[in-house]
Amino acid sequence: MLASEILNRNWDAALEELNRLKEIIDSKNFSSPLNQLQSRIWLMHWSLFIFFNHENGRNGIIDLFFQDRYLNAIQTNAHHLLRYLAVAVVVNKRRRNMLKELTKVIQQEQHSYKDPITEFLECLYVNYDFDGAQQKLMECDQVISNDPFLGKRIAVGNSITVPLRDEFFENARLFIFETVCRIHRCIDISVLAEKLNMRYSEAELWIMNLVKSLKLDAKIDSVSGTLIMRVNRVDVHEEIIESLKNLSTRTHMLAQSIVEPAQAAQQAAQGD
């Protein structure tokens, strides 16, 4: 039924079947936990057809993939699904609160999976590497355009556009702008334009409109070509401190996982 509704592009009905299957998978007694894990991964792959076509799909994929059981399945054996979760969070302005959690997951899984989309968020929110974020954002264009779910094209007049790619870039540029503004008080617009992959005139107009729409306490000095604003640096410093604490915790846990078995083996040898 799920496959039939997807093939017929009945997205509301397909979503109902998806939810029905999810209830069965979550409540059924499987012969082994591995079989249940595989069923959840199977369900998430099929859900991509629905979530990237249904009008409420951006909320749906976030709600499903961030559930503990399904996030665990992604981290266990479906790391590549992080790409779709990352795009959904970036383009969904109402779910910006999930960005911090997403960044933590991306950081945890960086050795198992990475692509320009996840690396962009890591550069920006973990390493505060704006040059790296700029480079990865340029690479995201090809990744999104060539992806069968993200690169959906529509005709607008005589041209072809990729709506999700355009939304991703608009929000990604906003993320860069916000992060730069939180760290610096005086920002060179030409430098910011370079990091946003925009021409100077485009960047100046874009920043001006953004300052007005967000009601930021900032002004553009056209003579010096800078954006001057009052910035609360406490938040970003707290995030850096938290990142260092998390790193320290992970290092301690890694050390314990190495030292404790070694101590146990030594005590066993002494007992013999």
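Just so it is clear, the model here is predicted, and its values are computed rather than measured.
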Practice task
I would like to know whether Leu150 and Ile117 meet side chain to side chain contact (heavy atoms under 4.5 Å, CB included); could you show each step before the answer?
Solution key: CA-CA 12 Å; Leu150 307 177; Ile117 296 171; 4.3 Å; yes

Practice task
Look up atom CG in Leu71 and atom CG in Leu102, then write down how far apart they are to the nearest 0.5 Å.
Solution key: 9.5 Å

Problem - Whether Phe52 and Phe149 hold their rings parallel, tilted or perpendicular, with breakpoints at 30° and 60° - result: tilted

Practice task
May I ask you to test the Glu204-Ile207 pair for a side-chain heavy-atom distance under 4.5 Å?
Solution key: no

Problem - Donor + acceptor pair across side chains of His111, His79 (<3.5 Å) - result: no

Handout entry: Phe175 backbone acceptor or donor facing Thr179 side chain under 3.5 Å
Key = yes

Practice task
Taking Arg9 for its side chain and Asn53 for its backbone only, find out whether a donor-acceptor pair lies under 3.5 Å.
Solution key: no

Problem - Spatial distance of atom CG (Leu85) from atom CD (Glu101) [nearest 0.5 Å] - result: 10.0 Å

Problem - Flag, side chain of Asn10 to backbone of Ala13, donor-acceptor distance under 3.5 Å - result: no

Exercise for the section: Measure the SG-CD distance between Cys123 and Gln135 for me, rounded to the nearest 0.5 Å. Expected result: 9.5 Å

Practice task
Decide whether Ile41 and Tyr84 are clustered together by the hydrophobic rule: side chain heavy atoms of Ile, Leu, Val, Met, Phe, Trp, Tyr closer than 4.5 Å, transitively.
Solution key: yes

Completion exercise
The single option from Phe65, Tyr113, Phe66 that satisfies side-chain contact (heavy atoms from CB on, under 4.5 Å) with Ile74 is Phe65

Exercise for the section: Show the numbers, then the answer: is there a side chain to side chain contact (heavy atoms under 4.5 Å, CB included) between Leu18 and Phe51? Expected result: CA-CA 11 Å; Leu18 183 77; Phe51 290 143; 3.8 Å; yes

Handout entry: Side chain to side chain, Arg199 and Glu194, heavy atoms closer than 4.5 Å
Key = no

Handout entry: Linked, directly or transitively: Leu205 and Leu192 (ILVMFWY side chains, under 4.5 Å)
Key = no

Problem - Side chains of Asn171 and Lys93 in contact at under 4.5 Å (non-hydrogen atoms) - result: yes

Problem - Presence of salt bridge, Glu23 and Arg20, under 4.0 angstrom - result: no

Handout entry: Where Ile6 and Trp11 come nearest, the two heavy atoms and their spacing
Key = O-CH2, 3.8 Å

Problem - Side chain Gln75, main chain Glu109, donor-acceptor under 3.5 Å - result: no

Practice task
Please report the shortest heavy-atom distance between Leu121 and Ala86, naming the atom on each side.
Solution key: CD1-CB, 4.1 Å

Exercise for the section: Examine the side chains of Asn35 and Ser39 and answer whether a donor and an acceptor come within less than 3.5 Å of each other. Expected result: no

Exercise for the section: Please report the closest heavy-atom contact between Thr226 and Asp188, naming both atoms and the distance. Expected result: CG2-CA, 4.2 Å

Problem - Criterion side chain to side chain contact (heavy atoms under 4.5 Å, CB included) on Ser31 and Gln36, from CA distance to verdict - result: CA-CA 8 Å; Ser31 57; Gln36 190 173 36; over 6 Å; no

Handout entry: Residues Lys22, Glu17: salt bridge by 4.0 Å N-O rule
Key = no

Handout entry: Asp63 side chain to Tyr70 side chain, donor-acceptor N/O pair below 3.5 angstrom
Key = no

Handout entry: Within 6.0 angstrom of Asp68 CG, more than 12 heavy atoms from elsewhere
Key = no

Handout entry: Residue pair Leu82 / Asp115, side-chain heavy-atom distance below 4.5 Å
Key = no

Practice task
Could you tell me which non-hydrogen atom of Asn72 sits nearest to which non-hydrogen atom of Thr76, and how far apart they are?
Solution key: O-OG1, 2.6 Å

Handout entry: Distance in Å, Met44 CE paired with Arg40 CZ, rounded so as to fall on 0.5 Å steps
Key = 9.0 Å

Practice task
Might you confirm whether atom CD of Gln142 has over 12 heavy atoms from other residues, nucleotides or ligands at distances under 6.0 Å?
Solution key: no

Handout entry: Asp141 (side chain) donor-acceptor with Ile144 (main chain) under 3.5 angstrom
Key = no

Practice task
Working to the nearest 0.5 Å, report the span between CD of Gln134 and CG of Asp129.
Solution key: 10.0 Å

Practice task
Consider only side-chain heavy atoms of I, L, V, M, F, W and Y, link residues closer than 4.5 Å, and tell whether Tyr200 and Ile187 are in one cluster.
Solution key: yes

Problem - Within-4.5 Å side-chain heavy-atom neighbours: Ile220 and Met208 - result: yes

Exercise for the section: State which residues pass side-chain hydrogen bond (donor to acceptor under 3.5 Å, both in side chains) with Trp206; sequence neighbours excluded, sorted by chain then number. Expected result: Glu170

Problem - Over 12 foreign heavy atoms within 6.0 Å of CZ, Phe49 - result: no

Practice task
Using the rule that two of Ile, Leu, Val, Met, Phe, Trp, Tyr join whenever any of their side-chain heavy atoms come within less than 4.5 Å, decide whether Phe130 and Phe120 are in one cluster.
Solution key: yes

Practice task
Answer yes if Val91 and Met98 sit in the same cluster of Ile, Leu, Val, Met, Phe, Trp and Tyr residues linked by side chain heavy atoms under 4.5 Å apart, and no otherwise.
Solution key: yes

Practice task
Taking the side chain as every heavy atom from C-beta outward, state whether Ile106 and Tyr125 have any atom pair closer than 4.5 Å.
Solution key: no

Problem - For Met138 against Asn197, the heavy-atom pair lying closest together - result: CG-ND2, 3.3 Å

Problem - Closest heavy-atom pair and its distance - Ala172, Val90 - result: N-CG1, 4.4 Å

Exercise for the section: Could you give me the CA-CA distance, side-chain angles and deciding distance for Arg173 and Met198, then say whether side chain to side chain contact (heavy atoms under 4.5 Å, CB included) is met? Expected result: CA-CA 10 Å; Arg173 285 168 174 163; Met198 301 172 74; 3.8 Å; yes

Handout entry: Any donor-acceptor N/O pair, Arg58 side chain to Asn56 backbone, under 3.5 Å
Key = no

Problem - Heavy-atom side-chain proximity of Ile154 to Pro163 below 4.5 angstrom - result: yes

Practice task
Measure the spacing between CD of Glu122 and CG of Asn127 and express it to the nearest 0.5 Å.
Solution key: 5.5 Å

Practice task
For residues Ser145 and Arg165, determine if any side-chain heavy atom of one lies less than 4.5 Å from a side-chain heavy atom of the other.
Solution key: yes

